[in-house]
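See structure below.
Heavy-atom basis, side chains included; hydrogens, waters and symmetry copies ignored.
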Amino acid sequence: QVQLVESGGGLVRAGDSLRLSCAASGRTSTTDTMGWFRQAAGKERECVVSFRWNGMTAYADSVKGRFTISRDNARNTVYLQMNSLEPEDTGVYYCASSTVRFPTKVPSDYIYWGQGTQVTVSS
């Protein structure tokens, strides 16, 4: 079992920044493929970034240059720095873990999910 806990969401204005955290515990492995996903109301869950603890990262085109992953391997925590936020970035953000080969953007490839944290960007 892997437990994932997200935090850091909130209400911000367009152009602002926000940093999300995902703390992992349990049977984690450096070979796991991890992902940040988001889901807007009425839309399908979308992969924002797929990554591994060893530094490999694959961002969605919609967030390239604005979102950045950083890791604290000693604490099993990953951060999603989100800059230049847009109203289209609004949604519930989830951290997830998979044993599928990196990278994968398919939600069904991910086994463990956090509870999600709400990000709302006003125009």
Side-chain angles (χ1 to χ4, degrees):
Q1 291 279 347
V2 174
Q3 293 79 41
L4 303 168
V5 179
E6 305 96 333
S7 60
L11 171 63
V12 298
R13 295 182 176 181
D16 285 351
S17 298
L18 206 57
R19 190 178 80 158
L20 306 183
S21 300
C22 172
S25 61
R27 301 183 66 176
T28 60
S29 171
T30 56
T31 61
D32 289 342
T33 295
M34 303 291 293
W36 277 103
F37 287 77
R38 65 185 179 191
Q39 188 165 21
K43 295 189 176 181
E44 294 186 353
R45 196 164 293 190
E46 170 194 21
C47 185
V48 173
V49 57
S50 177
F51 62 96
R52 294 186 71 178
W53 293 101
N54 64 1
M56 300 172 71
T57 310
Y59 293 97
D61 289 342
S62 58
V63 305
K64 279 182 182 177
R66 299 189 300 123
F67 290 14
T68 306
I69 284 285
S70 62
R71 301 161 181 81
D72 184 340
N73 288 6
R75 298 184 178 185
N76 276 1
T77 299
V78 63
Y79 304 97
L80 181 64
Q81 179 66 42
M82 305 186 295
N83 298 330
S84 301
L85 283 162
E86 304 168 353
E88 293 72 23
D89 296 316
T90 293
V92 179
Y93 281 69
Y94 299 91
C95 182
S97 175
S98 170
T99 56
V100 171
R101 180 179 295 181
F102 170 87
T104 175
K105 300 180 180 180
V106 181
S108 60
D109 284 344
Y110 288 79
I111 302 171
Y112 301 105
W113 293 82
Q115 82 287 352
T117 185
Q118 176 71 45
V119 172
T120 304
V121 184
S122 63
S123 57

*Drop me the distance from E88's CD to S62's OG, to the nearest 0.5 angstrom.*
10.0 Å

*Please round to the nearest 0.5 Å and tell me the distance separating atom CZ of R38 and atom CD of E46.*
4.5 Å

*Same hydrophobic cluster for L11 and L18, using side-chain heavy-atom links shorter than 4.5 Å among ILVMFWY?*
no

*How far apart are the closest heavy atoms of V121 and T90, and which atoms are they?*
N-OG1, 2.9 Å

_Y94 side chain near L20 side chain, heavy-atom distance below 4.5 Å_ = no

*Parallel under 30°, tilted from 30 to 60°, perpendicular over 60°: which one fits the rings of F37 and Y110?*
perpendicular

*Check whether any side-chain heavy atom of F67 lies under 4.5 Å from a side-chain heavy atom of V49, and answer yes or no.*
no

*Under a single-linkage definition using a 4.5 Å side-chain heavy-atom cutoff for Ile, Leu, Val, Met, Phe, Trp and Tyr, are V5 and F51 assigned to the same hydrophobic cluster?*
no

*Given the rule in the side chain to side chain contact (heavy atoms under 4.5 Å, CB included) test, do V119 and M82 qualify, once you have shown the distances and angles that lead to the verdict?*
CA-CA 10 Å; V119 172; M82 305 186 295; 4.0 Å; yes

_Heavy-atom side-chain contact between S7 and T117 under 4.5 Å_ = no

*Spell out, as yes or no, whether a donor-acceptor pair under 3.5 Å connects the side chain of E6 to the backbone of C95.*
yes

*With rounding to the nearest 0.5 Å, note down the distance linking CH2 in W36 to CD1 in I69.*
7.0 Å

*Please answer whether the main-chain N or O of S84 pairs with a side-chain N or O of R66 as donor and acceptor at a distance below 3.5 Å.*
yes

*asked:* Under the criterion side chain to side chain contact (heavy atoms under 4.5 Å, CB included), I'd like the reasoning laid out for S21 against R75: C-alpha separation, chi angles, the key distance, then a yes or no.
replied: CA-CA 11 Å; S21 300; R75 298 184 178 185; over 6 Å; no

*If you take all heavy atoms of A24 and W53, which pair is closest and at what distance?*
CB-CZ2, 4.2 Å

*Could you tell me whether a side-chain N or O of T33 sits under 3.5 Å from a main-chain N or O of F102, the two making a donor and an acceptor?*
yes

*May I ask whether W113 and V92 are part of the same hydrophobic cluster, defined by side-chain heavy atoms of I, L, V, M, F, W, Y residues being less than 4.5 angstrom apart, directly or through others?*
yes

*Who passes side chain to side chain donor-acceptor pair (under 3.5 Å) against K64, sequence neighbours left out?*
D61

_Under a 3.5 Å cutoff, is there a donor and acceptor pairing between the side chains of R71 and T57?_
yes

*Rounded to the nearest 0.5 Å, how far apart are CG of D32 and CD1 of I111?*
8.5 Å

*Looking only at non-hydrogen atoms, find the nearest pair between S17 and N83 and report the distance.*
OG-OD1, 2.9 Å

*Kindly give the heavy-atom pair with the smallest separation between C47 and A60, and that separation in Å.*
O-CB, 3.5 Å

*asked:* Let me confirm one number: the CZ-CD distance from R27 to Q3, rounded to the nearest 0.5 Å.
replied: 11.0 Å

*Minimum-distance pair of heavy atoms, taken over all atoms of L4 and Q115*: O-OE1, 3.8 Å

*Please name the pair of heavy atoms, one in K43 and one in Q39, separated by the smallest distance, quoted to 0.1 Å.*
O-NE2, 3.1 Å

*CG/D109 to OG/S97 distance, rounded to the nearest 0.5 angstrom?*
11.5 Å

